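Accompanying notes for the structure given below.
All values derive from a computational prediction rather than experimental measurement. Numbers here simply count residues along the sequence, with the first being 1.
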Amino acid sequence: MLDRLAHALRTVHPDRPAVLGRGRTGATLVRIRRGELADLADHYAAALHARGLGAGATLGVAVRPGPRALAVMLAAHRLGLRAAVLDPTAGPDVLAARLALARPDLVLADAAAQAVAGWAGPLARRAHLALPPLAALGPVATLGRRLPGCAPRLATAGATGPVPRRGEAGTDADADADAVIVFTSGTTARPRAVVHTREGLAAGLRTVTELVDPRPGGVVLGGTFFVLVPALAAGATVALPARGPRALAGQLARLAPAQTYLTPPALRAALGTGARFHGRVWTGSAPADAGLLRRVKQAGADQAWGVYALTELFPAAAVEEAEKSAHSGPGDLVGAPLPGVRADLTPEGELLLAGPGARHRYLGEEPDPWVRTGDRATLAPDGRIVLAGRLKDMVLRRAENIYPGLYEPALHLPDVELAVLVGVPAPDAPGDERLVALVQPRPGADPQRLRAALRGPLDRMGGARPDAVLFGTVPLAGRSRKPDRAAAAAHCARELSA
């Protein structure tokens, strides 16, 4: 897929816009054209080759999503490098431990990433961004504009000599070679990193392409790697989403994208401003209930899809709003496994996944074809996957195991923005927990009417009925802004003890 993209950028309408952005006034700006993106990737490849990086070397990448980051990935693919992606939300200690495990031969960082690791650290930490001193991780080069205090720029000027390609003399990269390292769970003492091979990464990108079917000449709104590559390879133009919800709503109105990819929190925020959608809308990275997908269609989308994906396997399953809304049983329907994906269950009910797009291994561990998702699930007779919550989120109440994911979907009524079930310590029974529902109402919802509407779903929970229902904001955390259950439990404990 990356080979196809590199060829298509130069041969299919190279003068067309590849990536669009948004100016300060809200106007749409062309960030880079297709041919320019191909040239940029070539310059980066030549510069990295001139620094002695060849097949098998590890390149740390601390670059904001956009044209430069994509050009780096294309250059790394061409040289047979493996890219280790840095997440500034992980915290400096965890990130330092992760990068020590990956041992990058070079770290490429833009000025913003280096500012987060340096002089802007105190300000960045307010936004939950933090990086360790990058120079402590290995040699550093600046990509793009260099500010005072940054490492020297990656020398692209004059780096125009012949650059080996995969399969040519000087490279030994093949389908089984490592392509990308993405850090996931783990601790400072024992970091964990997902390793995808070149073929595994290509398989995931092919699955996205077959699922989404981007069309030449259309506009796709989204900013992730798995959006950019299939869309650009098909000849579409990609618009990077605006950061603020009102700006995003204006962007949707101006561009009327045929395909839109946004996280559930971004969708909720945009809907709160009255945003209108077009074509097909895709969401994932965090739970997306049927009510949210319905609201997206009511706001103009032809289809609204929830995608079940993991760092270890992207994507695994998908479901459209109509099918999800028709699911009347317990749990969260995430759809049938996508072509090539196999699903199984452990005796404890943990969902296992395998397929050509699955990660090859965790760094430092032996390969394993099956991905342990950490999700409890059931498999319908037709193969569809129904999630019952995270295994680690189980609540133990009076010797009964309660899995929140089985019951949370029932709480997502039209006036509910978000809802979670969490356990808090029972004051009169050490080791036991109380089950509490934290419900975040939609703006303008009437609390009394909402409490009355919740009575039915709560009654149907039977033995899993919460001990208390609290209204408030559900805390979010991480890069994909998923519900932070630990913070929600702490909040509920404080409220109940007040």
Side-chain angles (χ1 to χ4, degrees), residues 1-3 53-61 73 76-87 90 94-95 97-105 166-167 171-210 225-226 229 307-317 337-377 379 383 385 390-392:
M1 177 65 72
L2 289 176
D3 290 329
L53 272 68
T58 299
L59 180 68
V61 182
M73 296 299 292
H77 177 80
R78 177 174 177 177
L79 294 174
L81 312 179
R82 65 176 185 178
V85 181
L86 284 71
D87 177 10
V94 172
L95 194 53
R98 291 174 174 180
L99 266 293
L101 178 67
R103 300 174 62 186
D105 298 278
R166 185 180 64 172
T171 70
D172 57 4
D174 56 24
D176 296 328
D178 294 348
V180 65
I181 301 172
V182 184
F183 297 97
T184 178
S185 59
T187 64
T188 302
R190 192 178 178 185
R192 216 169 194 207
V194 173
V195 181
H196 286 279
T197 64
R198 295 167 71 93
E199 178 53 37
L201 185 63
L205 290 168
R206 285 195 297 270
T207 301
V208 173
T209 302
E210 293 167 2
F225 180 77
F226 277 89
V229 173
V307 180
Y308 178 55
L310 303 91
T311 305
E312 292 88 346
L313 201 165
F314 188 104
L338 292 170
V341 177
R342 292 172 289 146
D344 202 352
L345 300 174
T346 68
E348 299 75 29
E350 181 180 5
L351 177 65
L352 303 177
L353 296 173
R359 58 97 183 95
H360 179 253
R361 67 191 188 283
Y362 295 103
L363 194 62
E365 300 181 20
E366 292 298 313
D368 183 353
W370 288 98
V371 173
R372 299 186 71 105
T373 64
D375 289 322
R376 190 170 179 269
L379 298 178
I385 300 170
R390 300 286 293 171
L391 288 171
K392 66 179 181 180

To the nearest 0.5 Å, tell me how far [X] [atom1] sits from [Y] [atom2].
X: L353; Y: W370; atom1: CG; atom2: CH2; result: 7.5 Å
X: D344; Y: L379; atom1: CG; atom2: CG; result: 7.0 Å
X: D105; Y: L59; atom1: CG; atom2: CG; result: 8.5 Å
X: R78; Y: L2; atom1: CZ; atom2: CG; result: 13.0 Å
X: T207; Y: F314; atom1: OG1; atom2: CZ; result: 10.0 Å

Of all the heavy-atom pairs spanning [X] and [Y], show the shortest one and how long it is.
X: A55; Y: L81; answer: N-CD2, 4.5 Å
X: P315; Y: V208; answer: CD-CG2, 3.7 Å
X: P356; Y: G340; answer: CD-O, 3.3 Å
X: G204; Y: F226; answer: C-CE2, 3.9 Å
X: A102; Y: L363; answer: CA-CD2, 3.8 Å
X: V229; Y: M1; answer: CG1-CG, 3.4 Å

Please enumerate all residues that pass side-chain contact (heavy atoms from CB on, under 4.5 Å) together with [X], with sequence neighbours excluded.
X: L391; value: E350, R376, Y403
X: A358; value: L313, V371
X: R103; value: none

If the condition is salt bridge (Lys or Arg N to Asp or Glu O under 4.0 Å), which residues does [X] pass it with, not counting sequence neighbours?
X: R359; value: none
X: R390; value: D375
X: D178; value: R82, R361

Would you tell me whether D3 and H77 have side-chain atoms, one donor and one acceptor, within less than 3.5 Å of each other?
->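 Their side chains do contain a donor-acceptor pair, which is all the 3.5 Å distance test asks for.
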Verify whether one side chain among E199 and T197 offers a donor that lies under 3.5 Å from an acceptor in the other.
->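 There is no such pair (donor and acceptor under 3.5 Å, judged by atom type) between the side chains of E199 and T197.
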Should V194 and I181 be marked as a side chain to side chain contact (heavy atoms under 4.5 Å, CB included) after you check the CA-CA gap, both sets of side-chain angles, and the distance that decides it?
-> CA-CA 6 Å; V194 173; I181 301 172; over 6 Å; no
So among V85, V182, L201, which one has a side chain to side chain contact (heavy atoms under 4.5 Å, CB included) with F225?
-> L201
